[in-house]
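The structure appears below as structure tokens.
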Number of protein chains: 2
Amino acid sequence: MNIVIQGLGEMGASLALILNQVADNHVIGIDINQNTLDYAIKHQIISESGSDLIMVADRADVIILATPINGIKESLKQLAGITLKPQVIVTDAGSTKNEILQVANKVLVDTAFIGGHAMAGTHKSGVAEANKDLYQQVPYFLIPNQVGKAYVERLKNIFKPLAADFTTIDVEAHDHLMAMISDVPHIAAFALMNTAVKQLGSFDNFGRYVAGGFTDTTRIAASDAKLWTDILLSNRESVLENNQALIDELQEINQTIADNDANKLQEMIQTAHDARQNLLSRKQHE
Amino acid sequence: MNIVIQGLGEMGASLALILNQVADNHVIGIDINQNTLDYAIKHQIISESGSDLIMVADRADVIILATPINGIKESLKQLAGITLKPQVIVTDAGSTKNEILQVANKVLVDTAFIGGHAMAGTHKSGVAEANKDLYQQVPYFLIPNQVGKAYVERLKNIFKPLAADFTTIDVEAHDHLMAMISDVPHIAAFALMNTAVKQLGSFDNFGRYVAGGFTDTTRIAASDAKLWTDILLSNRESVLENNQALIDELQEINQTIADNDANKLQEMIQTAHDARQNLLSRKQHE
């Protein structure tokens, strides 16, 4: 089958590398960078290259959009303007999903679209990071549109060589989950770091005193600012709700401390302790 | 010189072990547990043992109180009732200082008291954890009372074999610093964990999806509930102020996201990013 992959960064190139090893697959890579395409051909990451999605899309059985989010939205609109194979599956690799699903639902109503989000990827980027193990046992969310629902099993079968841990989910549940387990922890880390600087002055005043607790809790505050601005704003509604829930919890802890209510405070901490221990043993068990 | 150490847990026993290796020192260990004392004598952690601080305190040149905080306060009151050597230095090893300084200022007005707080210690406990390297390069705060100020250099000299990184600080600055770099990060971790459970249900619903960011940010939520209830309540004023500052920062981030103000959001994240990177390079440099 013909698999077209647009965007040969770490995520897209890894998908290409894995899928191109399957005998029946013919992977066509699309990228704006000719060096990237040359590299991908040379290393057999792809079997054919192109610079324009539209030129090859009508031959595709699967189309995977693995560019940044704005590029994905643009490509969806382009695909809506041409005739695709009737059984084609269009999927993507963006980490936030509501905007992409909105566009897909609007312009690709009669096509199977299955939004994809793999919780994989490193801080590295580029085709040279193509990694055949990138998706192994990684949570991989599938968010189908109305037509796509009937194609989920087929896509999972095509993606079997990834050895990912697939979960079919609706877009609201996906965004809510991501807000709580990824976006809000990032906000908490950003806020802790900024609060420390506001309360204590520059890190020269306190950097030498911090121990493992502060270091761990703020580690992801070193994440890329542009990337996280985009992520937080593109998942705005769920982020606002879950961040407000965190604020409410912090307020309640503060009130409990102000009330000097040792019993209630210890209960709240114990609840957190137990949940974190469960999480730990679960992750270790896996 | 005679050094009396009350409480041979990890902190006290490590102090004893290090100081007892100095030829001029005679370390007298006090503990309520006879097995602990026997172990300490057998392993030359101490040179003499006793079960009652008051029986040996009048021979002491240095008295180190290394029991839990309530025990330290009790011992300070006991010491106030007997005649100590005129040049004696009394110090302690409690991690929160305002209550201890209040008691010391009240009952030990004519004695040199220098509150001590080493940012050392592991999750282990007991005399068997005595470790001669425990304090090496560890931040070690010294908080003298009025009389104690003239004795700080002498205590640092006696403690030289610890190879700790001593900082003389007043109790308000110490408590403010601890609230921001240790207490509030713990509260944030407790609150994140509890919020996740409230928003997503039990960890069965979300545990398999969490990645490194959530795991790091909540790691210290697994801390002991009783211990942290005591710490947070004993540093109440500073904790409330710094936790409120964190809440204010989170509110501002939420408002910025609600306003869809990408420029301001990216600036806030960049500030956090830069501070965290500085912290990182500082720690790596050390």
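We name chains A, B, ... by the order of the sequence lines, and we start the count at 1 in each one.
- Most heavy-atom pairs under 4.5 Å with chain B, from the set A:Phe214, A:Trp228, A:Phe206: that is A:Phe214.
- Considering only heavy-atom pairs separated by less than 4.5 Å from chain B, the leading option among A:Glu241, A:Met178, A:His186 is A:Glu241.
- Among the candidates B:Leu177, B:Val197, B:Val184, the residue making the largest number of heavy-atom pairs closer than 4.5 Å to chain A is B:Leu177.
- Shortest non-hydrogen contact noted between A:Thr229 and B:Ala262 is CG2-O, 3.6 Å.
- Contacts of A:Ser202 with chain B are absent, with no heavy-atom separation under 4.5 Å from either backbone or side chain.
- Using a 4.5 Å cut-off between heavy atoms, A:Met180 touches chain B through backbone and side chain atoms alike.
- For chain A, the option among B:Asp230, B:Asn260, B:Asp165 with the highest count of heavy-atom pairs below 4.5 Å is B:Asn260.
- Under the 4.5 Å side-chain criterion, counting only non-hydrogen atoms from C-beta, A:His176 is in contact with B:Leu200.
- Annotation: side chain of B:Asp216 is not in contact with side chain of A:Thr217 (no heavy-atom distance under 4.5 Å).
- Looking at B:Lys226, the atoms closer than 4.5 Å to chain A (heavy atoms on both sides) sit in the backbone and in the side chain alike.
- For the options B:Ala173, B:Ala179, B:Ala245, B:Ala188, heavy-atom pairs under 4.5 Å to chain A are most numerous at B:Ala245.
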Could you walk me through whether A:Asn242 and B:Thr195 pass the side chain to side chain contact (heavy atoms under 4.5 Å, CB included) check?
CA-CA 8 Å; A:Asn242 286 284; B:Thr195 307; 5.7 Å; no
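- The main-chain N or O of B:Thr218 is found under 3.5 Å from a side-chain atom of A:Arg276 such that the two form a donor-acceptor pair.
- Atoms OH and NE2, on B:Tyr209 and A:His174 in that order, are 10.0 Å from each other to the nearest 0.5 Å.
- Note: A:Gln244 CD to B:Asn254 CG = 6.0 Å, rounded to the nearest 0.5 Å.
- Contact between A:Ala225 and B:Gln270 at its shortest, heavy atoms only, is CB-OE1, 3.1 Å.
- Put simply, CD on B:Gln266 and CG on A:Leu232 are 11.0 Å apart, with the number rounded to the nearest 0.5 Å.
- For A:Ser182, no part lies near chain B; criterion is any non-hydrogen pair under 4.5 Å.
- Using a 4.5 Å cut-off between heavy atoms, A:Ile269 contacts chain B through both its backbone and its side chain.
- Residue B:Lys132 places its NZ atom among 12 or fewer non-hydrogen atoms of other residues, nucleotides or ligands, all under 6.0 Å distant.
- A 4.5 Å side-chain heavy-atom check between A:Arg208 and B:Thr167 finds at least one atom pair inside the cut-off.
- A distance of 10.5 Å separates NZ of B:Lys198 from CG of A:Leu246, quoted to the nearest 0.5 Å.
- In this structure, B:Ala222 and A:His273 approach most closely via the heavy-atom pair O-ND1, 2.9 Å.
- Per-residue counts of heavy-atom pairs under 4.5 Å with chain A were compared for B:Ile220, B:Leu240, B:Leu265; the largest is that of B:Leu240.
- Neither the backbone nor the side chain of A:Gln255 comes within contact range of chain B; no heavy atom of the residue lies under 4.5 Å from a heavy atom of that chain.
- Between A:Met193 atom CE and B:Gln277 atom CD the span is 10.0 Å, to the nearest 0.5 Å.
- Nearest heavy atom pair, residue B:Ala211 against residue A:Met119, reads CB-CE, 4.2 Å.
- For a residue to count as touching a neighbouring chain, one of its non-hydrogen atoms must lie under 4.5 Å from one of that chain's; by this rule A:Val239 touches chain B with backbone and side chain alike.
- Distance check: A:Asn194 CG to B:Met268 CE gives 6.0 Å after rounding to the nearest 0.5 Å.
- Neither the backbone nor the side chain of A:Glu237 comes within less than 4.5 Å of any heavy atom in chain B.
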